[in-house]
There are 2 protein chains.
Amino acid sequence: MTVTIKDVARRAGVAQSTVSLVLNQKENIHEQTRLKILKAIKELNYHPRRSARGLATRKSNNIGFILNTQFFTQTEPFYTKVFLGASFEAIKHGYYVLLASVDDNFDPKKSLPNFLLERHVDGVVLAGRVPDSIITYIRQQDIPIVLVDYRVDHFATHAVLIDNLNGAYEAVSHLINQGHRRIAFVGGSCHHPSIQERYDGYKKAIGVLGSHNELNDKLVDLREEESSPQIGFDSTKKLLSLKPRPTAFFTVNDAVAIGCIKALRQSSLRVPEDVAVIGFDDVEWGLHMDPPLSTVRVFKEELGATAARKIIHIIQNKTTVIEKTIIGTELVIRESCGGMRTKDKYEF
Amino acid sequence: MTVTIKDVARRAGVAQSTVSLVLNQKENIHEQTRLKILKAIKELNYHPRRSARGLATRKSNNIGFILNTQFFTQTEPFYTKVFLGASFEAIKHGYYVLLASVDDNFDPKKSLPNFLLERHVDGVVLAGRVPDSIITYIRQQDIPIVLVDYRVDHFATHAVLIDNLNGAYEAVSHLINQGHRRIAFVGGSCHHPSIQERYDGYKKAIGVLGSHNELNDKLVDLREEESSPQIGFDSTKKLLSLKPRPTAFFTVNDAVAIGCIKALRQSSLRVPEDVAVIGFDDVEWGLHMDPPLSTVRVFKEELGATAARKIIHIIQNKTTVIEKTIIGTELVIRESCGGMRTKDKYEF
DNA sequence: TTTATTTTATAAAACCGTTTCGAAAATGAC
DNA sequence: GTCATTTTCGAAACGGTTTTATAAAATAAA
């Protein structure tokens with residue numbers, strides 16, 4: 001029924017081990033027999049079966065992609081894009097990506113992605129904040145790891161990261177250059193390193209370009225919860241009570257920006273005429289918001305693709321030297337941060 | 001190093017075949033030896049290796065998920081959600097989902113998802129419109145198929161479908177009940193069966209609840225291209241030139257609704273005061289639009305989950321009787337279709 | 001009770017479709 | 001003709017499942 005390496009060998013008149021050798025591009029195959037075998041392969045339309053190969057080589061040619069369950073409940077499928085990027089890049093290299101999720105409070109002794117137990121993956125990509133315990137567990141199994149958009153300082157791990165610092169720096173610089181002096185930093189979860197870095201970029205811009213006494217803790221609203229439009233709304237409402245009120249809002253991501261703009265509108269403030277807003281991430285619908293949202297573009301698919309390339313490289317080369325790759329961002333100026341009116345500029 | 005079935009057998013003092021028997025829950029195992037073996041399994045933390053199992057059983061315990069490449073370029077990750085639904089449902093049943101995409105003009109002789117060639121999946125889910133040729137090919141390989149959000153009338157295939165007809169019917173009925181008499185049907189690709197069905201639902205509602213001469217071809221704008229905000233914008237602009245202009249717009253999906261509302265706004269028409277809009281799909285950001293978009297909710301994850309359950313069932317039971325499952329929709333009334341003002345009601 | 005027969009539980013062997021490795025065969029150089 | 005060097009081969013893994021054989025236990029027949 002299904003054609004095996006044996007059939008190919010028979011038709012080509014060679015041993016199956018020889019077929020295997022040409023299949024795996026090994027040395028020392030006489031060109032003539034190589035062609036003979038290739039011909040037989042083509043004629044029979046032969047394709048080696050993955051599980052057989054996997055058994056013999058102890059490689060699955062799959063890679064696992066694990067993320068925190070709670071990210072799925074988020075408004076914007078940020079990590080989904082990362083996954084897609086990884087998935088399609090992996091295919092190019094002959095790998096498939098298996099998706100799994102873990103809870104924040106997960107216990108390796110009780111529940112684990114099955115692909116880890118069944119040796120069904122050769123390496124895993126961990127996306128976003130994941131519990132330490134799973135990192136520890138996977139390392140014990142000697143399965144290579146690459147983190148995406150997450151770092152753990154006490155683990156030496158390969159990682160693909162967003163240039164949050166610079167992204168935020170550029171965004172806030174832009175606001176400063178437009179004359180803004182009271183720039184609020186709106187609502188993100190202080191637990192995620194990426195958010196911290198965005199905050200650092202904000203501070204740096206104000207420190208470098210503004211005057212230092214403009215670095216005002218009151219203008220910053222970091223939260224415990226995962227960022228969301230709701231958080232953005234609440235956060236903005238709170239920040240609007242400041243006197244004088246902020247003239248610009250740099251939000252920790254686009255989801256927060258949505259809530260932020262909603263709050264501004266509810267307070268009868270016009271964007272961008274009265275207040276400037278810049279988000280982060282560049283999600284699809286930012287373009288269609290009213291006004292179209294200025295933001296810091298994150299190359300989500302590229303993050304995933306890079307992680308895929310990296311884990312595959314590690315798998316194939318047993319690389320041991322740890323390296324972190326930082327993917328740049330791009331400031332996307334649309335309408336939500338338009339130039340300030342003269343009146344505002346001299347307001348304070 | 002890695003613990004195999006042999007180790008378990010040795011420790012339990014039985015033959016490995018016996019271990020295999022309890023692993024696979026077969027009959028005729030003395031309870032006492034069963035427990036003994038289970039104990040050994042637990043103590044050694046043994047997990048059968050997938051590729052070994054796969055080789056022996058000729059099953060991969062993977063399922064393939066194929067969709068049209070062009071859907072990835074679409075604004076809203078509709079099918080991505082379907083994929084996620086399928087993926088997580090599959091995990092519950094011990095399967096993993098492998099993602100692949102095919103071009104519209106793809107040729108099975110040249111390029112094929114590798115998992116098909118390498119017997120790496122036991123069945124596949126095809127999402128959205130896919131070329132006939134791939135369906136034909138997969139059937140030849142005797143690999144079970146389930147379609148999601150697609151139907152091909154000349155193939156008898158299992159399918160999971162959206163109740164587009166009823167969804168559209170309810171939405172348009174709602175508009176009619178609000179007093180609208182000139183309801184436009186805005187911009188979708190006439191090639192996708194789902195769009196056709198939504199159109200049918202629209203016609204049915206007007207036919208049943210309206211008067212028949214309100215069924216006016218001029219109010220309908222179907223396109224060749226895949227639906228998008230741009231299409232929605234163009235389509236709406238065109239429909240607005242009608243005299244008298246439509247008072248309500250039923251768009252073929254939410255992406256189109258975005259463009260539609262943008263066009264309305266550009267023509268200084270207020271939503272919902274001057275014009276009502278209802279979309280379809282219920283994408284994430286519809287809730288955050290201004291005004292929040294009324295729409296017909298499609299349970300995307302549920303579509304995927306159902307497809308996963310179905311394909312797994314077919315794989316395991318060799319079911320042969322074809323069945324189509326239709327998943328209901330839900331009319332979500334938000335603000336974009338609010339009641340009409342009295343003035344408009346009597347306008348014609 | 002003894003013997004034959006069936007049932008049940010376990011063991012042993014064959015198989016799934018590859019890769020790998022040591023040995024054999026072919027080739028070439030001297 | 002001998003010795004190296006290529007090239008090819010055969011058999012043994014890899015880690016499970018499945019089929020078949022066998023021993024032990026249970027049941028039925030004599």
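Within every chain, numbering begins at 1; the chains are lettered A, B, ... in the order of the sequence lines, protein sequences first and strands thereafter.
- Centroid-to-centroid, the aromatic rings of A:F83 and B:F83 come within less than 6.0 Å.
- The side chain of B:R53 contributes an N or O atom lying less than 4.0 Å from OP1 or OP2 of D:dT17.
- Of the candidate nucleotides C:dC16, D:dG16, D:dT8, D:dG16 has the atom nearest to the side chain of B:Y46.
- Within 4.0 Å (heavy atoms only), B:S51 reaches no atom of the nucleic acid at all.
- Of the possible polar contacts, one joining the B:D122 side chain to the B:S60 backbone as a donor-acceptor pair under 3.5 Å is found.
- For A:T18 and D:dT8, the shortest distance from a side-chain N or O to OP1 or OP2 is not below 4.0 Å.
- Residues A:V19 and B:R58 both approach DNA chain C. Their nearest nucleotides, taken by heavy-atom distance, put B:R58 toward the 5′ side.
- Counting only heavy atoms from C-beta on, A:T2 has its side chain closest to C:dG17 among C:dG17, C:dT20, D:dT17.
- Here the CD1 atom belonging to A:I143 is positioned 5.5 Å from the CZ atom belonging to A:R119, to the nearest 0.5 angstrom.
- Among the protein residues, B:T4 comes within range of the sugar-phosphate backbone only, with heavy atoms under 4.0 Å from sugar or phosphate atoms but none that close to a base.
- Contacts of B:K59 with the nucleic acid, taken as non-hydrogen atoms under 4.0 Å apart, are absent.
- Residue-level contact check: A:S17 touches the bases, meaning some heavy atom is under 4.0 Å from a base atom.
- Nearest to the side-chain atoms of A:N28 among the listed nucleotides C:dT19, D:dG16, D:dT7 stands D:dT7.
- In this structure, the nucleotide among D:dG16, C:dT18, D:dT17 sitting nearest to the side chain of B:N24 is D:dT17.
- Listed for the A:T306 side chain is a donor-acceptor partner under 3.5 Å among the backbone atoms of A:E302.
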